[in-house]
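Contents: one structure, followed by commentary.
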Amino acid sequence: MRKFLIFLCLAICWVVFLSAVVEMPPFGDPANITNRHVVPRYLEEGVEEGGASNIVTGIILNYRGYDTMGEVTVIFTALAGVLAVLKREDVKTSTTMVATSPVGPSLIVTTVVKLLIPFIVLFAVYTILHGDVSPGGGFQGGAVFGASMIHYTLIFGLLTYMRKIRLAVKVPLESAAILSFAIAGFIGLFFGQKFLTFLMPALSHEAQYLLRHAMLLLIEVGIGVATGIIFGSIFASLEKVERI
Amino acid sequence: MIVQKLGANFNYVIATLLFCIGLFTVITKPNLIKKFMGLNIMEASVFLFIVSVGAVREGSAPIVVKGMEKGVQFVNPLPQALILTGIVVAVSTTALALALMIKLYEQCGTLDADELKGMEE
């Protein structure tokens with residue numbers, strides 16, 4: 001009865017939504033208001049000002065660089081929150097269901113995963129490095145990289161993962177995204193411009209172009225590495241079981 | 001007439017439907033993980049909605065290649081950039097919520113919202 005009432009309320013809500021949808025501008029029309037405001041400028045000047053052929057990358061890292069810096073901080077804070085609640089995995093006290101299970105992973109599964117992991121990581125590297133000329137970028141490549149680590153941990157257990165990716169390597173890399181943003185931001189200050197600007201009028205045209213590309217690449221790699229490692233860390237601390 | 005307009009805005013119709021499904025899940029399911037999955041469905045609906053706002057019929061991906069002729073119709077890149085941000089934040093909140101749920105399960109032995117209500121003391 002209660003469920004039915006809720007269903008009824010939401011159905012009414014949906015009808016209200018639909019009445020709004022009828023009034024919306026038609027889907028996919030180039031003349032829509034959303035496609036006319038700032039977007040033409042992004043599309044015309046984006047390659048020159050943003051420094052990337054992929055305009056989405058230009059917008060994320062250049063026009064809305066502060067936003068992305070905040071977002072990187074959000075992932076980092078999420079990791080900090082997860083670790084504050086669950087603690088980091090530890091070789092002495094943690095184990096996983098995989099390690100304690102009486103049935104080991106089958107030969108087929110382990111072989112396939114071992115064969116597959118290098119290609120997944122290769123694809124992640126490609127996605128990160130090609131973010132400015134093709135679809136992709138730091139977050140997408142980082143997610144693929146993190147997925148490869150999660151994939152590996154699921155089959156081989158947490159202990160093998162901890163042996164492969166040590167804490168001394170992992171902990172500094174988790175802050176790579178914020179650090180790369182800070183470094184790229186201070187380049188602007190160094191040339192007497194604002195923080196995180198990509199326009200340096202003091203330099204020649206070619207030097208600016210090169211510097212912009214270098215900054216984009218630095219930020220992309222930083223974001224990619226940090227996102228992947230953070231996803232792996234979050235998964236490891238969710239996955240671990242305290243040894244009794 | 002109305003049906004025609006709804007058909008033209010099919011993506012928005014589906015986005016609103018997904019939103020309602022997600023809200024229904026959040027309200028009716030007692031299990032906290034299921035509640036959070038409902039919240040994720042709601043997030044997905046919002047992402048679908050905002051990306052659809054930026055879609056352009058027959059538009060190509062917003063990647064400018066050298067030697068491309070002028071006047072190519074591109075898809076709106078701004079919503080895509082915003083949603084990329086949104087997806088990552090959604091992942092972060094999901095991770096934090098799952099961590100809290102694991103702790104809650106360790107402490108209380110249940111994830112059922114109705115049972116947890118009686119455990120407040």
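The chains referred to below are lettered A, B, ... by the order of the sequence lines, with proteins before strands, and numbering in each begins at 1. Because the structure is a prediction, the values reported are computed rather than measured.
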**Prompt:** Looking only at heavy atoms, which two atoms of A:Val56 and B:Gln80 are closest? And how far apart?
**Reply:** CG2-OE1, 3.5 Å
**Message:** With rounding to the nearest 0.5 angstrom, report the CG to SG distance, A:Leu18 to B:Cys20.
**Reply:** 8.0 Å
**Request:** Could you have a look at A:Cys9, A:Ala11, A:Pro25, A:Ala20 and say which one has the most heavy-atom pairs with chain B under 4.5 angstrom?
**Result:** A:Pro25
**Asked** chain A heavy atoms under 4.5 Å from B:Asn11: which part of the residue, side chain, backbone, both or neither?
**Response** side chain
**Prompt:** Shortest non-hydrogen contact from A:Trp14 to B:Leu17?
**Reply:** NE1-N, 3.3 Å
**Message:** At a 4.5 Å cut-off on heavy atoms, which part of A:Ile75 comes close to chain B: side chain, backbone, both, or neither?
**Reply:** both
**Request:** Could you grab the distance from atom NZ of A:Lys3 to atom NZ of B:Lys29, nearest 0.5 Å is fine?
**Result:** 4.5 Å
**Item:** Side-chain touch A:Phe27/B:Tyr12, heavy atoms, less than 4.5 angstrom
**Value:** yes
**Prompt:** Once you round to the nearest 0.5 Å, how far does CG of A:Leu10 lie from CD1 of B:Ile27?
**Reply:** 5.0 Å
**Rounded distance (nearest 0.5 Å) linking atom CD1 of B:Ile102 with atom CG of A:Leu238** = 4.5 Å
**Inter-residue atom distance B:Leu82.CG - A:Ile59.CD1, 0.5 Å rounding** = 8.0 Å
**Message:** Testing the basics here: between A:Asn35 and B:Ala55, what is the closest heavy-atom pair and its distance to 0.1 Å?
**Reply:** ND2-O, 4.1 Å
**Where B:Leu78 and A:Arg64 come nearest, the two heavy atoms and their spacing** = CD1-NE, 3.3 Å
**Fill in**
Given A:Met24, A:Glu23, A:Glu71, the one with more heavy-atom pairs under 4.5 angstrom with chain B than any other is A:Glu71
**Asked** Which bit of A:Val82 comes within less than 4.5 Å of chain B, counting heavy atoms only: side chain, backbone, both or neither?
**Response** both
**Request:** Quick one: pull up OG in B:Ser92 and CD1 in A:Ile234 and give me the separation to the nearest 0.5 Å.
**Result:** 6.5 Å
**Message:** Heavy-atom pairs under 4.5 Å with chain A: which of B:Thr93, B:Val75, B:Leu6, B:Ile87 has the most?
**Reply:** B:Leu6
**Request:** Provide the closest heavy-atom pair for B:Pro77 versus A:Ile55 in the form atom of the first, atom of the second, distance.
**Result:** CG-CG2, 3.8 Å
**Message:** For A:Asp29 and B:Arg57: C-alpha separation, side-chain torsions, deciding distance, then whether side chain to side chain contact (heavy atoms under 4.5 Å, CB included) applies.
**Reply:** CA-CA 6 Å; A:Asp29 190 351; B:Arg57 218 170 273 282; over 6 Å; no
**Message:** Between B:Ala61 and chain A, with a heavy-atom cut-off of 4.5 Å, which part of the residue counts as in contact: side chain, backbone, both or neither?
**Reply:** neither
**Request:** Could you tell me if the ring centre of B:Phe19 sits under 6.0 Å from that of A:Phe17?
**Result:** yes
**A:Ala78 to B:Leu96 - nearest heavy-atom pair and separation** = O-CD1, 4.1 Å
**Pairs of heavy atoms under 4.5 Å with chain A: top-ranked of B:Val91, B:Leu98, B:Ile21, B:Thr85** = B:Thr85
**Prompt:** Would a 4.5 Å heavy-atom cut-off, applied to side chains only, mark A:Gln140 and B:Leu84 as touching?
**Reply:** yes
